[in-house]
Protein chains: 2
Amino acid sequence: MRCRQMARTPKIRNMEQFAEASGLSRPTVSKFFNDPNSVRPSTRKKIEEALERFDYRPNIYAINQNRRLTKTIGIVVPYLSDPFFGEMVRNLEQKCVAAGYSPSLFSSNGSAEHEGKIFDALRSMKPSGVLLAPLGRLSNQDAVAAFCQDVPTVLFDSNIKDVGMAFVGSDNAQFTTLMVEYLYRSGEPPALLEMKTPPNPNSRKRRQGYINSMKDHGLEPEIVQIDGEGWALEDIGYEGGLRALASGAFKSRTVLCSNDRLAIGFLAACHEKGLKVGLAPDADIRVAGQDDHPFSRFTYPQLTTIAQDYDAISSRSVEVLLESVKSETTTEVRPDTFFEGKLIMRKSA
Amino acid sequence: MRCRQMARTPKIRNMEQFAEASGLSRPTVSKFFNDPNSVRPSTRKKIEEALERFDYRPNIYAINQNRRLTKTIGIVVPYLSDPFFGEMVRNLEQKCVAAGYSPSLFSSNGSAEHEGKIFDALRSMKPSGVLLAPLGRLSNQDAVAAFCQDVPTVLFDSNIKDVGMAFVGSDNAQFTTLMVEYLYRSGEPPALLEMKTPPNPNSRKRRQGYINSMKDHGLEPEIVQIDGEGWALEDIGYEGGLRALASGAFKSRTVLCSNDRLAIGFLAACHEKGLKVGLAPDADIRVAGQDDHPFSRFTYPQLTTIAQDYDAISSRSVEVLLESVKSETTTEVRPDTFFEGKLIMRKSA
DNA sequence: CCTAAATGTTTACGCGCGTAAATAATTAGT
DNA sequence: ACTAATTATTTACGCGCGTAAACATTTAGG
């Protein structure tokens, strides 16, 4: 069908033949592929020369069949088309490759059932470890816990208590506390806009952070909860925001959204209602988000938010995972890392 | 280290043991796993019962070692964190699974070198086929062509002439023609804003569509090209837009951007310059995009654009690939499919 | 109820590689 | 230069499964 053979040299089909072509025995060649430095320099040179002539590559399936663990790391996120996770994955990928592992990408697409299938697929892949951002509230908690028993897993972004070898994410309560402090000082304390049933557990922490910091200032928390299920957060923020604005739900003229995607939808709702958003004296409302979503720089007005430290979270996640993969020992206390967010002051609040 | 054994039943380690436990021979069980309908119903029942008791799963590596082609389909995109590709991948994934294949995701992250590494990885994975959205101009054209010789590949989104088994994408010239027609009728003909060196080949087609349709109306094309390299299109649109606006580059007060991401950045530049964007009589400028990017509904004002038919493109891509994978025959003429875009009239133009 | 055809099952072998143990070659110390 | 310690290479076996060919069973037709 398709032309394959270059017919320059007899095609090498396996390591045996390749070893023969390099004038060595197969196990020596095998050793080379596992670690080029484990063979004598002269031997290494022989192989590398042969490699150029024959462009042979070991059969990964045959390799992995005999390994208890493969040099693979699974990366699982709830939604790949969410630029936040997209960025996250890109960072994680890079770091895995740098450490000599092949990342394998999966997206649960907001479905616990699909998340479960991914677990099954990963189990049979025998990965060295898995970096998992679970769906959260929607996850089948037992399935996640069971999976973490089978495969060394580091959770990131959204936490599930006592599951996995470690957790790396943000200090969500701090996010909200920081933002409330800023909004209070720069004008008036905010109302909190969030989903009634958020898909992501971080929202709970953020709500708690909001309530606490409002109380610390002797202020009455004002929480506006909107309906909606799933991960179409912009839509939910838009629809819910529209309804909330129409019913005059907000006492405060400053609204802190539980996350940037909600805020992006809410901004659209504000515009729809003809409200002027921003810092200017003639503005009707201030809006802030949390996450520093890649698009928050391009909203109108540009979204004031709290920046997640993408790089720190991804670096730490990979670091912690590889550490515990190498040491093979389970530490008694699960090491959790929470990074602080940075206030990003833009035009919207 | 970690507790694994449930100790409910002796752990099954391979198909041999599982066959024994089901009271059958291994090859029969093997046949079942390849096609559950290929064994007698009574036999099938036996296995399915045993499956519940022992939750055994065949070793994928051992399976794939012996197959010439694996039941895998590679999906490669230039940028996974671009929501457009994210959505695309989600669609493609679903359709592959529905057809009984396991999709494997890769992102070139805008680097030809990385794209090349992905090709190598895919080659050794022996996938049944690959769905590839190449980097485009930045791709190593020879590497792409060579890869398509080795593995049955369907290109999508961005075309490379005569490479791969088929191409599925949009009729980019039609996009621009349609939009120019609308903008002309609803006010005034647009200037085209594009990158001087766009990473994506679609831009060329769009430019040509713009020039042609302007000329068809007896109008003089007005093309404003901005600097910038890579895939940070919003940034490029913003920075370049800022400079273009400052230098009074636009004669027309209607700007058609080469794509939505550029438009999103350009909108931010307009706001920065204090321009009122939109349809209203008192607006300073109209802005339109192309692609119907997931975020274009949430810009301010909401972006008027041309919708890519995500679903049609992804469906057709998978369909064409599976077809040619099954038939094993290479058709003489490469079947290319170009879907038309639909005009989405929103508030920005 | 018998025979031929169809279908299901078993035997036997090979895939491409990892790896322990045995052996050979190299290096270091005297 | 010679022996001991070190490192490199080879021999030999097994991993978990696919699959052809041989064999056994079931089904259909008369």
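Here is the naming used below: chain letters follow the sequence lines, and residue numbers restart at 1 for every chain.
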> So what does A/F32 touch, heavy atoms closer than 4.0 Å: a base, only the sugar-phosphate, or nothing?
Replying inline: nothing
> Taking the nucleotide of DNA chain D with the closest heavy atom to each, which residue, A/T43 or A/R26, is nearer the 5' end?
Replying inline: A/T43
> Closest nucleotide of DNA chain D for B/E16 versus for A/S42: which of these residues is on the 5' side?
Replying inline: A/S42
> A/Q17 has an atom CD; how far is it from atom P of C/dC15, in whole Å?
Replying inline: 10 Å
> Would one find a side-chain N or O of B/S30 under 4.0 angstrom from OP1 or OP2 of D/dG18?
Replying inline: yes
> 5'-most contact on DNA chain C: A/I63 or B/G23, nearest heavy atom basis?
Replying inline: B/G23
>> So, OP1 or OP2 of C/dT9: does either fall under 4.0 Å of a side-chain N or O from B/S25?
In response: no
> Looking only at side-chain N and O atoms, does B/Y56 come under 4.0 Å of OP1 or OP2 in D/dC17?
Replying inline: yes
> Is any NZ, NE, NH1 or NH2 atom of the basic residue among A/D120 and A/K117 found under 4.0 Å from an Asp or Glu carboxylate oxygen of the other?
Replying inline: no
> Do B/D336 and B/R334 sit within salt-bridge range, that is, some charged N less than 4.0 Å from a carboxylate O?
Replying inline: yes
> Is a donor-acceptor pair below 3.5 Å formed from side chain A/R68 to base C/dG18, judging by atom type as modelled?
Replying inline: no
>> Between A/K95 and A/D311, does any side-chain N to carboxylate O distance fall below 4.0 Å?
In response: yes
> Rounded to whole angstrom units, what separation is found between the CG atom of A/N34 and the C1' atom of D/dA8?
Replying inline: 15 Å
> Which nucleotide in the list D/dA12, C/dG16, D/dG18 gets nearest to the side chain of B/M15?
Replying inline: D/dG18
>> Given C/dT11, D/dT10, D/dT9, identify the nucleotide with an atom nearest to the side chain of B/P27.
In response: C/dT11
>> Rounding to an integer number of Å, can you tell me how far B/I12 CD1 sits from D/dG16 P?
In response: 12 Å
> So, B/R44 and B/E48, do they make that salt bridge, N to O below 4.0 Å?
Replying inline: yes
>> Just the rounded figure in Å: distance from P of D/dC17 to CG of A/N64.
In response: 14 Å
>> Rounded to whole Å, how long is the line connecting atom CG of A/N59 with atom P of C/dG18?
In response: 10 Å
> What is the nucleic acid contact for B/F18, judged by heavy atoms within less than 4.0 Å: base, sugar-phosphate only, or nothing?
Replying inline: nothing
> Do the side chain of A/S111 and the main chain of A/E113 share a donor and acceptor less than 3.5 angstrom apart?
Replying inline: yes
> Counting any heavy atom closer than 4.0 Å, what does B/R67 reach on the DNA or RNA strands: base, sugar-phosphate only, or nothing?
Replying inline: nothing
> Salt-bridged, B/E49 to B/K46, with N to O below 4.0 Å?
Replying inline: no
>> Rounded to whole Å, how long is the line connecting atom CD1 of B/I60 with atom C1' of D/dG18?
In response: 16 Å
>> Would you say B/S38 places a side-chain N or O within less than 4.0 Å of OP1 or OP2 belonging to C/dG8?
In response: no
> In whole angstroms, how far is the P atom of D/dG18 from the CD atom of A/Q65?
Replying inline: 10 Å
>> Whole angstroms only, please: what is the CG-P distance between A/N14 and C/dG18?
In response: 12 Å
